[in-house]
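Letters A, B, ... mirror the listed sequences (proteins, then strands); counts begin at 1. Note that the structure is a prediction, hence the values are computed from the model and not measured.
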Amino acid sequence: MPGSSQFEDIIKNICLLREAGDFCFFPLWEDAMSGNYVADRSEYLSLLHTISIGLIIHDLQEKCNTQELALIHLVRILDETDRALSRLSEKIEDYYIALNPTELAGYERNVRGIIDKMGKSIDHPLYPLAKNFGCLYDSRAAIAKSVREYAERELPNMSALSGPVVAARLLALAGSKQRLAMMPSSSLQVFGAGPSLFMHLNSGTNPPKHGIIFQNKSIHNAKRRVRGRVSRSLACQLAIAAKIDFYRGLKDEKFIRRAMDRICRVGK
Amino acid sequence: MSLLWQDGKLVSPGKILPGDIVHKGMRVWDPNRSKVAALCHVCMEPPLCGARVLYLGAAAGSTVSFISDYAEVVYAVEFSSRPVRNLVRLAQKRTNIIPFFCDARYPEQYMPFVELVDIMIQDISQRDQADIAIKNLPMLKKGGSLILFLKMLSMGVRTEKDVVIGTVRQMLEGVGICVTNVLDIERFHTGHVVIWGIFEAKNE
């Protein structure tokens, strides 16, 4: 940015005032001109322009919480990779079935095996794609591993309760740790079940019992009859855990033991 | 001076940016993409030429770039960190755009930098749209116009359209705004209504 150095002090000053909750003062252009700070209106505007852009860049840098943002975007990339993998493998399977109508029946099919076989014969038309598919599969595993690491570091209590990937997905949906901590547990419970929730609100169908947290094994292994109950109590404990993660940021073993105990008791 | 029209298209004379539709050397202001252009197509043009404009909810700044072709200075407020980057890049090219990275609910953060403006355009799709406009009123000069883009969906899914408009109108009239027009821009933007008011002194 041109000439930013001479305004850095002004910008820093404004930020300090803003943090202290004071009203930062900036003169109107008539005052600035009569006080001989600027020669005319265009100079005043260009000064204001430079300061406002500098202020935005300063704010953007300050707001950036690298760890948390990395986790959010990694989860989104993970989901997108999954989608790409499943779509590609479906199309490749279609291709194979069309050429070999007698093979690949029912549950015996092994799409991964076919793709690996394609990746070995060089003159196959799908040879490069099959190779890349393998690479994509490996990179998915790498992303999933780092998501787990980040989530266990950033959201230790939530990861312990619901598993790191589910905790990270909840964070990605909420947008930030702060918003997650402010959320009521009922929101956490149906997070990711938006369409059916609004269908319930609009036309009175049954409300959704669970959203993203269904991926946790304590819910999808539970009996159908108690699933709603388990997901409610899990969401309650998750809401508490989110608050601990945001405000304290440390793992609380005692809380986790008590919460797990409570969830298990509901499931019986 | 009024806005420029060519062959039924609204155009603006500024420097052409990448991605613009160009018609006879001028940038076309597409009513399907910009609500202010839709307003011009439906009924009447706001007096943008040479004006000082406060634009709340600027997003990436496509509408702001067109307004800046006509207006003297545009103060653009946006609170989302992703589009703000585009807004800054735009403001670096066009020196009469002054961007702010602030929440329009707390105008005290950017109020010191903004002078009294002639036109205030509010394009924030939130539940408390009218409240935000009222909070920002101190920056609007007397006799200036307030243009409020009301998104019906963000005012609640189930409430009736007329009820929403009625309550917003009542709120605005309570703070001294004379609502002159309520326009439907359904043709270009689904579920949007424009409320146009003139700010008059509050009679106490």
Side-chain angles (χ1 to χ4, degrees), chain A residues 1-4 7 10-11 13-15 17-33 40-65 68-69 72-73 76 175-176 194-195 197-204, chain B residues 50-55 58-61 64-65 68 71-104 106-118 138-139 141 153-154 156-160:
Chain A
M1 230 184 80
S4 65
F7 298 114
I10 304 179
I11 289 162
N13 226 338
I14 291 170
C15 292
L17 277 173
R18 200 186 270 175
E19 265 166 38
D22 284 341
F23 198 74
C24 40
F25 175 73
F26 198 85
L28 284 175
W29 80 277
E30 291 93 343
D31 300 338
M33 221 171 86
D40 56 357
R41 187 168 162 77
S42 66
E43 199 185 323
Y44 170 80
L45 282 182
S46 76
L47 182 73
L48 187 58
H49 183 252
T50 322
I51 287 179
S52 74
I53 287 182
L55 208 58
I56 288 186
I57 289 169
H58 180 273
D59 283 355
L60 279 177
Q61 275 167 351
E62 203 162 75
K63 268 202 174 178
C64 174
N65 181 350
E68 192 184 318
L69 286 177
I72 291 174
H73 288 283
R76 288 185 188 156
S176 77
L197 178 66
F198 282 106
M199 211 203 283
H200 162 64
L201 290 177
N202 280 332
S203 51
Chain B
R52 297 166 191 177
V53 183
L54 175 63
Y55 198 102
V64 169
S65 76
S68 80
E72 187 202 358
V73 55
V74 188
Y75 299 94
V77 180
E78 172 57 43
F79 187 50
S80 182
S81 52
R82 180 109 191 230
V84 143
R85 272 162 238 197
N86 292 338
L87 188 63
V88 168
R89 208 170 298 148
L90 182 77
Q92 279 167 346
K93 278 186 204 127
R94 287 164 184 257
T95 47
N96 63 346
I97 297 174
I98 294 176
F100 296 106
F101 180 38
C102 297
D103 193 345
Y106 306 103
E108 57 274 8
Q109 288 194 348
Y110 55 87
M111 209 185 276
F113 308 102
V114 182
E115 58 198 334
L116 284 179
V117 294
D118 304 315
M139 279 169 274
K141 76 169 189 193
L153 264 184
S154 42
V157 190
R158 309 185 71 183
T159 36
E160 286 289 320

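- Counting only residues at least two apart or in different chains, salt bridge (Lys or Arg N to Asp or Glu O under 4.0 Å) contacts with residues 52-62 of chain A comprise Arg18(A)-Asp59(A).
- Along residues 82-89 of chain B, the residues that come nearer than 4.5 angstrom to chain A, judged on non-hydrogen atoms, are Val84(B), Arg85(B), Val88(B) in order of number.
- Shortest non-hydrogen contact noted between Glu72(B) and Asn96(B) is O-CB, 3.2 Å.
- Closest approach of Ser68(B) and Arg94(B) over heavy atoms only: OG-NH1, 3.3 Å.
- Using a 4.5 Å cut-off between heavy atoms, Tyr106(B) does not touch chain A at all.
- Considering only residues two or more places apart in sequence or on other chains, Lys141(B) meets the side chain to side chain donor-acceptor pair (under 3.5 Å) condition with Asp118(B).
- For Ile97(B), the part lying near chain A is the backbone, with the side chain staying farther off; criterion is any non-hydrogen pair under 4.5 Å.
- Inspection of the Tyr75(B) and Glu115(B) side chains reveals an N or O donor paired with an N or O acceptor under 3.5 Å.
- Classification of the Phe79(B)-Phe101(B) ring pair by plane angle, with boundaries at 30° and 60°, yields tilted.
- For Arg76(A), there are no side chain to side chain donor-acceptor pair (under 3.5 Å) partners two or more places apart in sequence or in a different chain.
- Of the atoms belonging to Ser52(A), heavy atoms from both backbone and side chain fall under 4.5 Å from chain B.
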